[in-house]
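Below: the structure, in structure tokens.
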Amino acid sequence: MSGIQKVFKFGGASVKDAAAVRNLADIVSERVGDNIMLVVSAMGKTTNMLEKVLAAYRAGGRRPEGAPLRAVMEYHDGIMSVLFPDRSHPVYAAVAGLFDELRSHLEEDEPDYDRHYDRTVCYGELISTAIVSAYLSARGIHSEWLDARRLVVTDRCYRAALVDWEETARRIRPLNARFEPGKVFVVQGFIGGTADGLDSTTLGREGSDYTAAIFANCLDAEEVTIWKDVSGLLNADPKRFSETVKIPRISYSEAIELAFYGATIIHPKTIKPLQNKGIRLKVQSFLDPSSDPTVIDGSEDARSLSRDAAVPSYIVKDHQTLVSISPRDYSFMNEHNLQIIFATCDELHIHANMMQTSALMLSICFDYDEAKLKGLLSRLSDRFSVKYNLGLQLFTVRHYLQEGPTPTEEAFLERKRIIVRQSSRSTLQYVLEPVLL
Ligand code: ASP
Ligand code: MG
């Protein structure tokens, strides 16, 4: 066994404070013998904070109101002061240097919001990994910090950058030869850069899982573990549903289905690079690291379990818009009309979470985005009448029971108006409007 075998992904919650970083180091130090590398997100809610910082700078120029950056600096300093009681530790200078760079990028007069976003928000991950890598070293683990902006090569589609797989693989692959037993590379999730090294990019919110899959694919690793604050992949979000069960093992395709409908535990783009190379994915609890993970792979076992032993999964997506489109001339909603509408959606990057057609109407449900909705209205309204509803929920029950709604389903539907209900053999979907009491 040579080279890197396992990629561990640690999300924001797993590095949200000093105790969490210590726990990460415990997990890592017990597993360094497995030839691992780490992909780490920004600490806690840093990405959200940086989005606000950016907004403040763009509104207020060099002197934003309320010193928003200070809160981010103090948050990280609080974590460092516990992990590195000696203030002369070099991590302080390294992190101060990153904050200086961040400030100068914030002050730039960049007309393109998305470009400015990627250039600044990426510092959440750069700072977090600098701290984690230094802490692992302080714990006696031989760690090396890597800059994902030089490794994950993307196009210039800021905030939703597409990976140039060939160039990315060319840059990442040599890490296997540079790897030696006991060494741990630490790299940022979520961020990348253009091939010329001039621009930073990001892969989309919650994109760190995808980064782990990119590294695993390019390194031909055997396994990715996503370390979470839940015990594995659950059949519903425990923040929303009181009774949940863990899914012990599922297939890649079932995991893609769940992610597609909005299960937030795995970023939807994560599975494909793993499936393509037969790399196993585990979802494991960082709070209880010795408990069994959920295993996602392409084995016959996983496929038959996903088929025959599936429990209903409940997935909710908020902030949905339902657009209903019908031809003004009363022609049918035929292939010609559908083609015009789909081409427009494609151009506007509107991704349909649910669709329904009838003779005269096509309904599309998608994540609310003001610009996309306006774009759709202005481009279609000469030919079609377009109506829309806002503030809806999409509720998906995967592997619903044919004999009727479960108590969980019934409870969720209470005080909601059903606008659309649609089912296939395996999946039932509702578009719902909350009823105000
Ligand atoms: N820090 C980024 C975010 O919060 C990426 C990630 O955590 O996956 O979206
Ligand atoms: Mg996350």
Side-chain angles (χ1 to χ4, degrees), residues 7-17 20-21 24 37-55 68-69 71-72 75-76 79 95 98-99 102 105 113-114 116-133 145-149 151-152 154 157-163 186-193 200-216 224-230 233 237 239 255 259 262-274 281-284 286 317-319 367 369:
V7 178
F8 282 4
K9 182 260 171 168
F10 286 95
S14 69
V15 287
K16 72 177 196 305
D17 53 28
V21 178
L24 173 153
M37 75 166 286
L38 307 190
V39 171
V40 183
S41 301
M43 293 179 154
K45 301 273 177 232
T46 302
T47 306
N48 293 353
M49 292 169 93
L50 289 174
E51 286 181 349
K52 295 204 178 88
V53 172
L54 176 64
L69 189 57
V72 184
Y75 168 57
H76 288 86
I79 292 173
V95 169
L98 289 168
F99 272 114
L102 167 58
H105 287 312
Y113 171 78
D114 290 348
H116 205 187
Y117 181 104
D118 283 2
R119 194 172 269 236
T120 48
V121 170
C122 65
Y123 279 86
E125 267 71 11
L126 292 166
I127 292 164
S128 154
T129 48
I131 296 172
V132 168
S133 178
W145 183 89
L146 301 172
D147 188 339
R149 294 173 299 177
L151 294 166
V152 178
T154 73
C157 185
Y158 304 109
R159 292 181 68 202
L162 293 177
V163 173
V186 179
V187 75
Q188 308 75 40
F190 175 57
I191 75 175
S200 304
T201 55
T202 61
L203 307 175
R205 286 301 307 266
E206 304 298 330
S208 294
D209 297 349
Y210 183 42
T211 303
I214 294 168
F215 275 87
V224 169
T225 302
I226 298 181
W227 293 91
K228 296 287 282 189
D229 55 2
V230 286
L233 196 64
D237 180 353
K239 291 188 192 96
T264 51
I265 194 148
I266 312 167
H267 189 276
K269 280 176 143 182
T270 310
I271 304 293
K272 183 176 182 285
L274 302 180
L281 174 62
K282 289 182 173 172
V283 180
Q284 189 152 4
F286 62 76
K317 258 180 178 269
D318 292 316
H319 312 299
D367 296 352
D369 180 308

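Whatever order the structure lists ligands and atoms in, that order sets their numbers, starting from 1.
- At least one heavy atom of Glu125 sits less than 4.0 Å from an atom of ligand 1.
- Between Ser41 and ligand 1, at least one pair of N/O atoms sits closer than 3.5 Å.
- When all heavy atoms of Pro273 and Thr270 are compared, the closest pair comes out as CD-O, 3.3 Å.
- Contact atoms of ligand 1 toward Arg205: 3 (C), 4 (O), 9 (O) (distance under 4.0 Å to a heavy atom of the residue).
- Relative ring orientation between Tyr123 and His105 is described as tilted, the plane-to-plane angle lying within the 30° to 60° band.
- Taking any N or O of Lys9, backbone or side chain, none lies under 3.5 Å from an N or O belonging to ligand 1.
- When side chains are defined from C-beta on, Tyr113 counts as touching Arg159, because their heavy atoms get closer than 4.5 Å.
- Distances shorter than 4.0 angstrom do not occur between any heavy atom of Gly189 and any atom of ligand 1.
- The closest side-chain heavy-atom distance from Arg205 to Glu51 is below 4.5 Å.
- Taking every heavy atom of both residues into account, Val187 and Leu146 meet most closely at CG2-O, 3.7 Å.
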